[in-house]
Chemist: 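The following block contains the structure, expressed as structure tokens.
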Amino acid sequence: MAQGGETGRAAGRWKGRGPVALRQVTALLLTGLVTAAATLAGTGTAVADEPGRHQGGASAVLDGLKTFDTAVLRTPGENGAPDRTQELPAGLFEMTVDGGGKLKTYCIDLHNPTQDQAKYLETPWAETSLGANRNAGKIGWILQHSYPQVDDLAALAKAAGTGPLTERTAAAGTQVAIWRYSDGADVTASDKQAEKLADWLQKRARTIAEPRASLTLEPAAVSGRAGDRLGPVTVRTDADQVSVSPPVDAAASGITVTDEKGKPVTSAADGARLYFDVPEGSADGSASLTVQTTTSVPVGRAFAGTTRTQTQILAGSSESTVSARATATWAETGPAPALTARKNCAAGGVDITAANQGDEPFTFELGGYEHTVAAGATRTVTIPVAEDQAYDFTITGPGGFRKNFTGVLDCATSGSTVAAEKEDPRADDAGIGPQSARQSVPASTGTTTSGLEGDLAATGGSSTTPMIAALAVGFLVIGGGALFVLRRKEAAQQNAE
């Protein structure tokens, strides 16, 4: 569909320039913490502030590297210098799931350090470095055919022809094989049996599909008129059943969660369609429903940090708590917007989507550009964000309307961003782009990391250092208010299924 106005012309100027050009634009304007304040016009709906960063599934806290051996990473020397080698831990991390449960994960972002007690969210491959990695499916195969999914180490050793394996060497060999596909790394396991396992897994790997999410709601926001059933919101899960919790003030407001026939719902299965039944005459407002269950999260699901930290991929899960939330907004007259956000790694930014189910156009301003969504239509505005940078978009409007979306754009491995900078010398000349991976080293079990053969300084000795730096730069960005829209796109009307 044609793109009009200044936003369309901006998109046209940069179309086809690729991720390096995108980083150049975004880094100039969005270095550090990105904060956007946008004003929405045409609605008096009051919406509570929401985190806006989780699409559903498991959320967990990193407990550290638990089962590991060592590996050796070789890094090519620059300007005729000899190659450098670094010994590093390789193996399984563990996470504690919010609400109960344990996860085991491997690293898929070798050059990016982990942050102590970092918060992680189950995330689609498309919103991580796996989205652009043609070998992502092979990583999934490795996870299915090695430790800990194959916990009979004698059988694994026999199949791979490695000789005796322990939990530590099996974990190290599996991690090494994954790094070769996730980061394209020249890495070998220190233990001979672990190295044989890594070679076997790498050679045998075949492409498999991304596993489905443990639990999501689609869409995460709906809107309409009081007196109607707003929705549907479709449950997507691999669990047999999920519990459905109505809005917290359901008793006072009279709002119920129902099926398409209007029958109240307290539990649901995969594919179920849920609706918000809003009594006629209800004051303009909003409400949220939550679905939750306990299930084993599918192996191969990606986990991205809410702060800058190493992206992980799931190798095993206990029975764990997973949840998802959807919001409904209604207004008596005029526009009735529903707002959602999603990372768009292909475009190097975040898609803010406004669906207007009202009877009048919905006009809003974002990043200095005005956008109008016709009644019954949907429109998506893509806000550019630099790789590895935090974003915090707060959208406000009359009558207390407020919607907040936060997160970190982590769409590439640190090693790949450095390679892109090398391909485009303008990046170094202009001092732009993400923090160089040459200044960071792979994760450690604690809050510090060691350098290459002792000649590369530690990353700071504290996991709070990147946060402090981001906040410091963030205040400068907030003061300057540097933000613009790279492109926008319009979608056809979204009709209820």
Side-chain angles (χ1 to χ4, degrees), residues 43 45 47-48 50 52 54-57 122 124 212-250 253-282 284-293 295 322-332 334-342 351-359 362 373-380 403 405 490-497:
T43 178
T45 305
V47 178
E50 297 176 355
H54 196 198
Q55 297 172 22
E122 185 179 341
R212 66 184 305 186
S214 61
L215 177 61
T216 58
L217 291 173
E218 301 174 354
V222 294
S223 61
R225 292 278 176 261
D228 294 337
R229 285 197 294 272
L230 310 184
V233 174
T234 303
V235 177
R236 303 295 185 193
T237 183
D238 66 335
D240 293 335
Q241 194 173 63
V242 300
S243 63
V244 180
S245 299
V248 292
D249 62 344
S253 66
I255 298 169
T256 57
V257 179
T258 74
D259 61 17
E260 54 191 339
K261 295 181 179 179
K263 181 180 178 181
V265 172
T266 58
S267 63
D270 180 53
R273 296 180 179 181
L274 307 178
Y275 294 79
F276 293 84
D277 195 329
V278 183
E280 188 173 359
S282 297
D284 295 358
S286 69
S288 296
L289 68 83
T290 302
V291 294
Q292 182 173 298
T293 192
T295 187
V322 296
S323 62
R325 184 170 66 168
T327 301
T329 304
W330 59 89
E332 183 177 357
L339 299 175
T340 57
R342 185 180 295 269
D351 286 346
I352 306 294
T353 299
N356 178 18
Q357 295 302 320
D359 54 19
F362 172 52
V373 185
T378 296
R379 187 171 192 172
T380 298
K403 193 79 171 181
F405 301 105
E490 294 187 11
Q493 177 180 356
Q494 294 183 337
N495 295 319
E497 296 183 15

Chemist: Who are the side chain to side chain contact (heavy atoms under 4.5 Å, CB included) partners of Ala354, not counting sequence neighbours?
Modeler: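 Partners of Ala354 under the side chain to side chain contact (heavy atoms under 4.5 Å, CB included) test: Leu339, Phe362, Phe364, Val373.
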Chemist: Hey, does Arg273 have a side-chain heavy atom less than 4.5 Å from the side chain of Thr234?
Modeler: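 In short, these two side chains touch, coming nearer than 4.5 Å.
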Chemist: Quick check: closest heavy atoms across Pro279 and Ser253, and the distance to 0.1 Å?
Modeler: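 Nearest pair, atom of Pro279 first, then Ser253: CG-O, 3.7 Å.
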Chemist: If you compare all heavy atoms of Glu122 against all heavy atoms of Gly57, which two are closest, and at what distance to 0.1 Å?
Modeler: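 Glu122 and Gly57 have their closest heavy atoms at OE1-CA, 3.3 Å.
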Chemist: Taking only residues two or more places apart in sequence or in another chain, which ones pass salt bridge (Lys or Arg N to Asp or Glu O under 4.0 Å) with Asp249?
Modeler: none
Chemist: For Thr327 and Ser288, run side chain to side chain donor-acceptor pair (under 3.5 Å): C-alpha distance rounded to whole Å, both residues' side-chain angles, the deciding distance at 0.1 Å, then the answer.
Modeler: CA-CA 4 Å; Thr327 301; Ser288 296; 3.1 Å; yes
Chemist: Mind running side-chain contact (heavy atoms from CB on, under 4.5 Å) on Leu217 and Val291 for me, showing each step along the way?
Modeler: CA-CA 8 Å; Leu217 291 173; Val291 294; 3.8 Å; yes
Chemist: Rounded at 0.5 Å granularity, tell me how far OG1 in Thr295 sits from CG in Leu215.
Modeler: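 It comes to 9.0 Å.
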Chemist: Whether the Thr380 and Thr353 side chains hold a donor-acceptor pair (N or O, under 3.5 Å, no angle test) is what I'd like checked.
Modeler: yes
Chemist: Any idea which heavy atoms bring Pro219 and Val233 closest together, and the distance?
Modeler: O-CG1, 3.6 Å
Chemist: Would the distance check show the side chain of Asp277 and the main-chain N or O of Thr256 forming a donor-acceptor pair, the cut-off being under 3.5 Å?
Modeler: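 Side chain of Asp277 to backbone of Thr256, a donor-acceptor pair under 3.5 Å: no, none is there.
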Chemist: Treating Asn356 as the side-chain partner and Ala336 as the backbone partner, does any N or O pair qualify as donor plus acceptor under 3.5 Å?
Modeler: yes
Chemist: Would you say the side chain of Thr340 lies within less than 4.5 Å of the side chain of Asp351, judging by non-hydrogen atoms?
Modeler: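 Asp351 does not reach Thr340 side chain to side chain.
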Chemist: Kindly compute the distance separating OH (Tyr275) from CG (Leu289), expressed to the nearest 0.5 Å.
Modeler: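 Spacing of OH (Tyr275) from CG (Leu289) equals 13.0 Å.
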Chemist: Would you tabulate the side-chain donor-acceptor contacts of residues 237-246 under 3.5 Å, counting partners in other chains and residues two or more places apart, or write 'none'?
Modeler:
| unit_1 | atom_1 | unit_2 | atom_2 | d |
| --- | --- | --- | --- | --- |
| Thr237 | OG1 | Ser214 | O | 2.6 |
| Thr237 | OG1 | Ala239 | N | 3.0 |
| Ser243 | OG | Gln292 | O | 3.1 |

Chemist: Go through the structure and list residues passing side chain to side chain contact (heavy atoms under 4.5 Å, CB included) with Pro264, not counting sequence neighbours.
Modeler: none
Chemist: Give the minimum heavy-atom separation between Gly231 and Val222, together with the two atoms involved.
Modeler: CA-CG1, 4.0 Å
Chemist: Is there side-chain contact between Lys403 and Ile352, with heavy atoms separated by less than 4.5 Å?
Modeler: no
Chemist: Of the non-hydrogen atoms in Thr378 and Ala355, which two are nearest, and what is the gap between them?
Modeler: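 It is OG1-CB, 3.6 Å.
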Chemist: Is there any side-chain hydrogen bond (donor to acceptor under 3.5 Å, both in side chains) pair reaching into residues 218-232, and which pairs are they, with sequence neighbours excluded?
Modeler: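 Pairs touching residues 218-232 that pass the test: Glu218-Arg236, Arg225-Asp359.
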Chemist: Testing the basics here: between Ala287 and Trp330, what is the closest heavy-atom pair and its distance to 0.1 Å?
Modeler: N-CZ3, 3.6 Å
